[in-house]
Protein chains: 2
Amino acid sequence: MIEASAGPRSAVRAAAQRQRILCAAQKCFVDRGFHAASMATIAQTADMSPGLIYRYFRGKSEIILAIIEQQLEVARERIGELHATSDLAGALAGSYGKSADCNSEHISPPLFLELSAQATRDPQIAAASRASDAAVRAAFVQVLTRSQAEGGYGLSKAEAAGRALMLMCLFEGLKVREAREPQIDRRMLRAALEQVLAAIFQPPRQPS
Amino acid sequence: MIEASAGPRSAVRAAAQRQRILCAAQKCFVDRGFHAASMATIAQTADMSPGLIYRYFRGKSEIILAIIEQQLEVARERIGELHATSDLAGALAGSYGKSADCNSEHISPPLFLELSAQATRDPQIAAASRASDAAVRAAFVQVLTRSQAEGGYGLSKAEAAGRALMLMCLFEGLKVREAREPQIDRRMLRAALEQVLAAIFQPPRQPS
DNA sequence: CTCTTAAGAATGAACGATCATTCTCTTTTT
DNA sequence: AAAAAGAGAATGATCGTTCATTCTTAAGAG
């Protein structure tokens, strides 16, 4: 790679530069969208010349892929929090509408939506999305199937799969809503979320 | 306008041409995204010359706006079906993954997602989205607040507002999921949907 | 410590491609 | 024949990418 023949000093700097570019690109993608954000604008946001970007990335599409993989890592990290959070509805309602900069743990709604749309067109993005979704869903299923004594909800495997799917739809729907309705009443959102989440986490009703 | 000085004959043709352009543009936007779809490609899809499009639309952004308003009309029409549909979960699970052409009653997931992302950037799109959302939400609230004798669910106004919000999140989340996971197990989706929908439509539990 | 020097880092102008839009000309309709 | 509809090449702008060049850095020689 670039830093193969150089010392560790330049390797650190190269990584920092890469991160600076990714941060600027993410901001530009949020502000203007994937295709409308130009390399010139990204370079200006990162406070460097356009040509320099190509020392650290092969091109624009590689930047997009790098951002996706970065978000995938963030998603994996956030899975751990899931097990510890007791007030899930409150956390979701509280973070609603918060601006997500590049080192935030929450992905920006427009970025997430555009990324999901691109997943229907670009096979690489589709594969990355599937990987991320599978990890999140597995974590949901684990919590739902684990016995109540272990802090889980003791659902059957089939039940848990369905509930996990609905949880993902709900979270993703919140992202859509965040984009379309940024100034929502948080209190109402939180109350409504609590009810639906309670229903999803409840044991299945027996067929009469 | 264009057909102001002409007879009704040309007005009919003009409307048909407009519709042909909108249909082609919608297809191109789904396939490539808003910015990546070129006017040349749209013209080719509509089987006409690029210049001809400008006889019927002022430019590209006006085409986008027209598609949005068209989808808004479709949404309003679909609200009527809501009151009549008994098997909502089955209908949703059944239409999942079906390709949506331009005269379909279902908006294509990538188009919806890209549109929602653009709503965070373009004030006109944001306004149109808000109008559509308000109509849909009002219809949900109406069904939820109407007394059970009238086919409703007899919820209070505050309760209904929250439930309607969750319904919208769920539907929009399904759109996201449709984009990210086109080959889902429909049977599981339907079963899970039925449970969550039942919970959302249920009367509120009394505080013990 | 200073000078030399070579390589990496960074610049910004230049290039080819592409895009939205316009315009001139031709075809069709009435 | 007049007017509307349509075609398609031309235009100016913009974009991603490249490249010749300059600046910076740091290490080795004296």
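In what follows, chains are A, B, ... by sequence order, proteins preceding strands, each numbered from 1.
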Chemist: Under a 4.0 Å N-O cut-off, is there an ion pair linking A:R18 with A:E69?
Modeler: no
Chemist: Check every atom of C:dT21, D:dG6, C:dG12 against the side chain of B:S49 and return the nucleotide holding the closest atom.
Modeler: D:dG6
Chemist: Nearest whole angstrom, please: distance from the P of C:dA17 to the CE of A:M39.
Modeler: 19 Å
Chemist: Taking only side-chain N and O atoms of A:Y54, does any of them lie within less than 4.0 angstrom of OP1 or OP2 on D:dC19?
Modeler: no
Chemist: Quick one: B:I53 CD1 to D:dG6 C1', roughly how many Å, whole number?
Modeler: 12 Å
Chemist: Considering all heavy atoms of both residues, which atom of A:I21 and which atom of A:A46 are nearest to each other, and what is their separation?
Modeler: CA-CB, 4.5 Å
Chemist: Under the criterion side chain to side chain contact (heavy atoms under 4.5 Å, CB included), I'd like the reasoning laid out for A:K27 against A:V30: C-alpha separation, chi angles, the key distance, then a yes or no.
Modeler: CA-CA 5 Å; A:K27 181 172 169 53; A:V30 169; 5.9 Å; no
Chemist: Using side chain to side chain contact (heavy atoms under 4.5 Å, CB included) as the criterion, list what pairs up with B:E178, not counting sequence neighbours.
Modeler: B:Y96, B:P109, B:K175
Chemist: Students often mix this up, so state it plainly: with edges at 30° and 60°, are the rings of B:F34 and B:F29 parallel, tilted or perpendicular?
Modeler: perpendicular
Chemist: Taking CD from B:Q44 and C1' from C:dC19, how many angstroms apart are they, rounded to a whole number?
Modeler: 15 Å
Chemist: So, taking the atom named CZ in B:R163 and the one named CG in B:L155, what distance separates them when rounded to the nearest 0.5 Å?
Modeler: 5.5 Å
Chemist: Just compare D:dG6, D:dT17, C:dG12 and give me whichever is closest to any side-chain atom of B:Q17.
Modeler: D:dG6
Chemist: Do B:R13 and D:dA5 share a donor-acceptor pair, side chain to base, under 3.5 Å?
Modeler: no
Chemist: From CE of A:M48 over to P of C:dA9, roughly how many Å is that when rounded to an integer?
Modeler: 12 Å
Chemist: State which of C:dC19, D:dG16, C:dA10 makes the closest approach to the side chain of B:S38.
Modeler: C:dC19
Chemist: Can you see which heavy atom on B:T120 is nearest to which on A:A179, and at what distance?
Modeler: CG2-O, 3.4 Å
Chemist: Starting at atom CG of B:D47, determine the distance to atom C1' of D:dA7, rounded to an integer number of angstrom.
Modeler: 12 Å
Chemist: Using heavy atoms and a sub-4.0 Å distance, could you list which residues of residues 20-37 of chain B are near DNA chain D? By number, please.
Modeler: none
Chemist: Near DNA chain D, under 4.0 Å by heavy atom, which residues of residues 59-70 of chain A?
Modeler: A:G59, A:K60
Chemist: How close or far is atom C1' of C:dC25 from atom CG of B:L52, stated in whole angstroms?
Modeler: 15 Å
Chemist: Tell whether B:R55 reaches the base of D:dG6 with its side chain through a donor-acceptor pair below 3.5 angstrom.
Modeler: yes
Chemist: Cys pair A:C102/A:C23: SG distance under 2.5 Å?
Modeler: yes
Chemist: For B:L115 and B:S129, which heavy atoms make the closest approach, and how far apart are they?
Modeler: CD2-OG, 3.8 Å
